[in-house]
Amino acid sequence: MRVSRSFLPVLKESPTDAQIVSHKLMLRAGLVRQTAAGIYAWLPIGFRVLKKIEQIVREEQDRASAIELLMPTLQSADLWRQSGRYDAYGPEMLRIKDRHEREMLYGPTNEEMITSLFRDEVKSYRDLPRTLYHIQWKFRDEVRPRFGVMRGREFLMKDAYSFDLDEAGARQSYYTQLLAYLRTFQRMGIRAVPMKAASGPIGGDLSHEFIVLAPTGESEVFYDASFEEFDWHQDELRYGDAEGLRGLFDKVSSTYAATDETHDEARWAEVPADRQRQGRGIEVGHIFYFGTKYSASLGLKVSGADGSMVTPEMGSYGIGVSRLVGAIIEASHDDNGIIWPEAVAPWKVGLVTMRGDDAASVTAADDIYAKLTAAGVETLYDDRDERGGVKLGSMDLIGLPWQLIIGPRGLAAGVVELKNRRTGEREELSIDSALERLTA
Ligand code: 5CA
């Protein structure tokens, strides 16, 4: 992408209407713009990051054998009356009437809809277990939308729903999502610690929140440092391995992690002092096992192997896809701007000419840009005739993992500069070796 032909509005001044660093940086680097309270337009950079995050979530859900579909944002009120949640949900639900005075709502979540879809199509135990998911916009009319996309009113969520014949099966589905979540967040370059949670309005008795440590987080959290060391992608653990998954759950449950709601001072005191991690955290995911709460109220039944009718056991599993954009920035930035983990970076490389009016620099940079693009390396090319310092400043702000800097003096000596955004290390290399490094 050439900056000269893109839509990348960068702010010089720090916006005064943003209280936390991720929100400030998202506005300054031009990721989002607020269009109404708690509602955001995703500009090109923000949109690219959102899609990257969404794709990692999708790949890990697919690996865990969850099946993707897409349900609408608008739902009928009748569906929610059947589960009893239409009144219970309260003013957070955005209620709408269509031209025929039919009561509708903008979905804050989809338990009712997925249960009714499943109920209408599935009749036999042979079609279970299944976990279905979608990645769709939600609306919750939060009393105090704040911190930008972190607590928005309209936000993008991945929500998965599992259907099993019995509790043992439902627990396996729950453990499967638990592992999928640990892998998903690790791939994004962040550590999200699973913490036992109260299940709130979704209902149910088994629930975990996934929390990323950040000073501006909404809850106080306590956890054992082991959570920073586990590698959830280790290949000995396979989906479908019931024993292994139970072992994972036992490991997660026996390694201390709690929010202020579930904190237990006695157990905390048993964690060696040098392994205690305490701070504030942002909830990026939440999983629930709630049994037959929705299947029973919406009349979902399937015939069992012995001919009896079985009410499936369900769970639901949410990830805040748009919230993650903010949460990753909270966890990964410095005074100069965002530092994207490579897996979610909007582009891998920022190519900058220090002198946009120097013909040799422009020729070299155009050529490098063509080669990187041909090699499939996502590159943002700042080809504007702007001062070099200004361009480098906005590259730091935007936070791509690598900057490739072309200056007339270096070029005359046959070198370009490669800067690592995270470490700040700069290296002079020939164009060929720089290309080799970036395409490796
Ligand atoms: N039905 C369940 C699971 S599918 C559910 O709705 N869970 S939830 O309420 O915990 O939401 C799932 C995730 O969405 C949360 O962990 C959080 O990361 C994200 N989320 C919730 N509310 C907001 C909001 N107002 N703004 C941005 N993200 C949100």
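Everything numeric in this text was worked out from a predicted model, so none of it was measured. Residue numbers run from 1 in the order of the sequence given.
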Check for me whether Lys251 meets the cation-pi criterion with Phe230, that is, NZ or CZ under 6.0 Å from the six-membered ring centre and within 45 degrees of the ring axis.
yes
So, for Ala343 and Arg187, which heavy atoms are closest and what is the spacing to 0.1 Å?
CB-O, 3.2 Å
What I'd like to find out is whether the side chain of Thr216 reaches to under 4.5 Å of the side chain of Gln19, using heavy atoms alone.
no
Any side-chain donor near an acceptor of the partner, Ser433 and Ser430, under 3.5 Å:
yes
If we only count heavy atoms from C-beta on, is the His263 to Trp268 side-chain gap below 4.5 Å?
yes
When the ring planes of Trp80 and Tyr89 are compared, do they come out parallel, tilted or perpendicular, using 30° and 60° as the limits?
perpendicular
Hydrogens and angles aside, do Asn110 and Gln136 bring a side-chain donor and acceptor to less than 3.5 Å of each other?
no
Side-chain donor-acceptor pair present, Arg85, Tyr294, cut-off under 3.5 Å
yes
Flag the pair Arg63 and Glu59 as a salt bridge only when some basic side-chain nitrogen lies within less than 4.0 angstrom of an acidic carboxylate oxygen.
no
Any non-hydrogen side-chain atom of Asn420 less than 4.5 Å from a side-chain atom of Glu427?
no
Please find the pair of heavy atoms, one from Leu404 and one from Ala434, that lie closest to each other, and give the distance.
CD1-CB, 3.9 Å
Could you tell me whether the side chains of Asp260 and Ser219 share a donor-acceptor contact shorter than 3.5 Å?
no
Given 3.5 Å as the limit, does a donor-acceptor pair link the side chain of Arg153 with the main chain of Ala37, or not?
yes
Is the gap between the ring centers of Phe147 and His23 under 6.0 Å?
no
Looking only at the side chains, is there a donor atom on one of Arg384 and Thr353 sitting less than 3.5 Å from an acceptor on the other?
no
Going through the checks in order, is the ring-ring contact (aromatic ring centres under 6.0 Å, His included) test met by Phe210 and His208?
CA-CA 7 Å; Phe210 290 77; His208 284 84; 7.0 Å; no
Looking only at heavy atoms, which two atoms of Gly30 and Leu43 are closest? And how far apart?
O-CB, 3.4 Å
If we count only N and O atoms by modelled type, under 3.5 Å, do the side chains of Tyr369 and Asp367 hold a donor and an acceptor together?
no
Main chain of Tyr381, side chain of Thr379: is a donor-acceptor contact present, judged purely on distance under 3.5 Å?
no
Worked check of side chain to side chain contact (heavy atoms under 4.5 Å, CB included) between Gln276 and Asp224:
CA-CA 5 Å; Gln276 291 183 346; Asp224 186 318; over 6 Å; no
Quiz item: cation-pi between Arg2 and Phe7, 6.0 Å / 45°
no
Is the count of non-hydrogen atoms from other residues, nucleotides or ligands lying under 6.0 Å from Arg387 atom CZ greater than 12?
no
Test side chain to side chain contact (heavy atoms under 4.5 Å, CB included) applied to Val149 and Leu31, Leu324, Val32, the passing residue
Val32
Could you go through Thr255 and Phe227, starting from their C-alpha distance and side-chain angles, then the distance that decides it, and tell me whether this counts as side chain to side chain contact (heavy atoms under 4.5 Å, CB included)?
CA-CA 8 Å; Thr255 311; Phe227 277 112; 3.6 Å; yes
Please tell me whether Tyr174 and Tyr289 form a close aromatic pair, meaning their ring centres lie under 6.0 Å apart.
no
With a 4.5 Å cut-off on side-chain heavy atoms, are Gln61 and Ile135 touching?
no
Is it true that Glu154 and Lys138 have a side-chain N and a carboxylate O under 4.0 angstrom from each other?
no
Run the side-chain contact (heavy atoms from CB on, under 4.5 Å) test against Arg81 and tell me which residues pass, sequence neighbours left out.
Ala77, Asp78, Tyr86, Glu103
For His286 and Ser207, test the side chains for any donor-to-acceptor distance below 3.5 angstrom and give the result as yes or no.
yes
Among side-chain atoms of Gln186 and Asp231, is any donor-acceptor pair under 3.5 angstrom?
yes
Checking Tyr223 against Glu228: is there a side-chain donor and acceptor pair closer than 3.5 Å?
yes
Salt bridge between Glu378 and Lys348, side-chain N to carboxylate O under 4.0 Å?
no
